[in-house]
Amino acid sequence: MERIYLDNNATTIVDPKVFQVMEPYFVQMYGNPNSLHSFGSEVKPALAQAMEQLYAGINASDEDDIIVNSCATEGNNTVIMSAYYDLIRNGDKNHIITSSVEHPAVGETCRFLESLGVEVTYLPVNQEGIVSVEDVKAAITPRTALASIMWANNETGMIFPIKEIAYACRNRGVLFHTDAVQAIGKLQVNVQDVPVDYLTFSAHKFHGPKGVGGLYIREGVPMVPLLHGGEHMGGLRSGTVNVAGMVGMGMAMELAVENLGYEIREVRRLRDKLEDALLALPDIIVVGSRSQRTPNTILASIRGVEGEALIWDLNRHGIAVSTGSACASESLEANPIISAIGADKDLAHTGVRFSLSRFTTEQEIDKVIALLPKVIGRLRDISSTYATPGPACQMPEPQ
Ligand SMILES: Cc1ncc(COP(=O)(O)O)c(CNc2co[nH]c2=O)c1O
């Protein structure tokens with residue numbers, strides 16, 4: 001059976017060009033870059049080039065740092081724990097600001113710090129699923145150590161006003177971190193234009209390998225390492241460098257920037273084609289306006305159809321989608337994002353996320369469009385809660 005992959009916000013295929021540059025560092029040039037002999041020294045030029053690609057990809061200046069780690073979960077933990085060690089445990093701060101729709105790598109790390117006595121403000125989102133910069137400003141106190149707000153949400157694709165939030169934090173002397181995992185390769189990320197202090201990303205979200213990520217640290221801002229035990233990454237992240245992974249991530253970053261125009265035009269066109277077909281069916285809503293959304297993502301709520309049921313039915317036809325972050329895929333709980341925007345309980349159990357990539361083809365989208373009415377119709381026919389097409393789905397009234 002031909003399979004169609006529409007879960008790119010969970011992970012992406014490694015671009016063949018990325019795999020090609022990685023391969024030699026598994027079986028030919030496999031030395032440890034810290035070794036003094038030729039096996040170690042021969043890999044250094046590739047690491048230097050990869051670092052240049054990462055700096056160029058987010059327009060970082062030479063004075064800034066980018067540390068290569070294992071993933072965005074590690075990067076998010078590193079930033080938040082650094083704020084705790086440096087500013088809260090050893091300083092006079094005791095407050096962190098984040099949003100109620102962050103990836104668990106931020107949300108659960110903040111909850112862990114609450115167990116250590118840190119005060120955390122979880123900002124709400126509006127019915128579009130977006131955090132307001134006014135809410136960030138209002139939440140800042142003299143004891144706020146850090147604000148951490150994602151650039152784009154992994155379930156809805158909604159893009160947050162990060163430039164405004166970054167300036168609001170800078171003007172009030174608060175360090176600002178953004179989780180840019182769902183932004184790299186989908187919108188322009190320029191740290192000269194957007195004054196973030198920390199920024200995290202993960203290679204497997206933009207056609208690089210799993211198990212390698214990056215943490216950007218602006219010159220002069222504090223960083224207490226999470227991992228100790230060696231001088232790797234200037235002592236900011238100990239552990240033998242994942243040479244092949246770093247080389248692959250550098251190339252993936254270069255290609256992500258190179259293909260941004262295609263993503264914004266062509267991937268968006270295919271996403272809109274699929275979204276239009278979904279909205280032509282009765283009792284379906286999509287979270288958030290397209291103009292405020294990453295070009296590849298649709299979070300749809302399909303009245304009368306449990307999200308998991310639709311996933312399994314589509315999976316039987318070879319189509320891969322998800323109810324949201326893979327981390328939550330096993331749970332049958334209401335989709336927290338749809339709940340957060342104020343939609344009713346029934347809708348919150350019917351969320352399904354479609355996320356495309358530059359490798360998605362028009363033929364694949366056409367096949368999914370042809371199949372959806374049958375799959376949704378079958379599930380509604382056997383649903384105990386869905387009788388006939390209800391009133392056109394209304395987004396909840398603004399509170
Ligand atoms: C915004 C965001 N931050 C952090 C992470 C964690 O990245 P990792 O540490 O490299 O895994 C993810 C992964 N998000 C998803 C993983 O599966 N479905 C998702 O939406 C994410 O979307």
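Just so you know, ligand 1 is whichever comes first in the structure, and atom 1 is the first atom listed for that ligand. This is a predicted model, so every value here is computed, not measured.
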Would you say Ser99 and Glu102 are linked by a side-chain donor-acceptor pair, where the criterion is simply a distance under 3.5 Å? yes
From the options Thr178, Asp179, Thr11, select the one whose nearest heavy atom is closest to atom 2 (C) of ligand 1. Asp179
For Phe176, which of Ile149, Val136, Leu146 qualifies under side-chain contact (heavy atoms from CB on, under 4.5 Å)? Ile149
Filter on ring pair (Phe, Tyr, Trp, His ring centres under 6.0 Å), then keep only pairs touching residues 16-70, sequence neighbours left out; what's left? Tyr30-Phe39, His37-Phe39
Atom pair CD1 (Ile67) and CG (Leu215), whose distance is rounded to the nearest 0.5 Å: 4.0 Å
Listed partners of Asn9 passing side chain to side chain donor-acceptor pair (under 3.5 Å), at least two apart: Lys186, Asn296, Thr297
Part of Glu155 within contact of ligand 1 (heavy atoms, under 4.0 Å): neither
At under 4.0 Å between heavy atoms, is it the side chain or the backbone of Thr73 that contacts ligand 1, or both, or neither? both
Would you check if the side chain of His317 reaches a backbone N or O of Ile319 as a donor-acceptor pair within less than 3.5 Å? no
Nearest-option assignment for atom 13 (C) of ligand 1, heavy atoms, candidates Lys205, Lys210, Arg353, His204: Lys205
With a 4.0 Å heavy-atom cut-off (strictly under), which part of Met150 contacts ligand 1: side chain, backbone, both or neither? side chain
Where's the contact between Glu74 and ligand 1, heavy-atom distance under 4.0 Å: side chain, backbone, both or neither? neither
Any heavy atom of Ser202 under 4.0 Å from ligand 1? The part involved is side chain
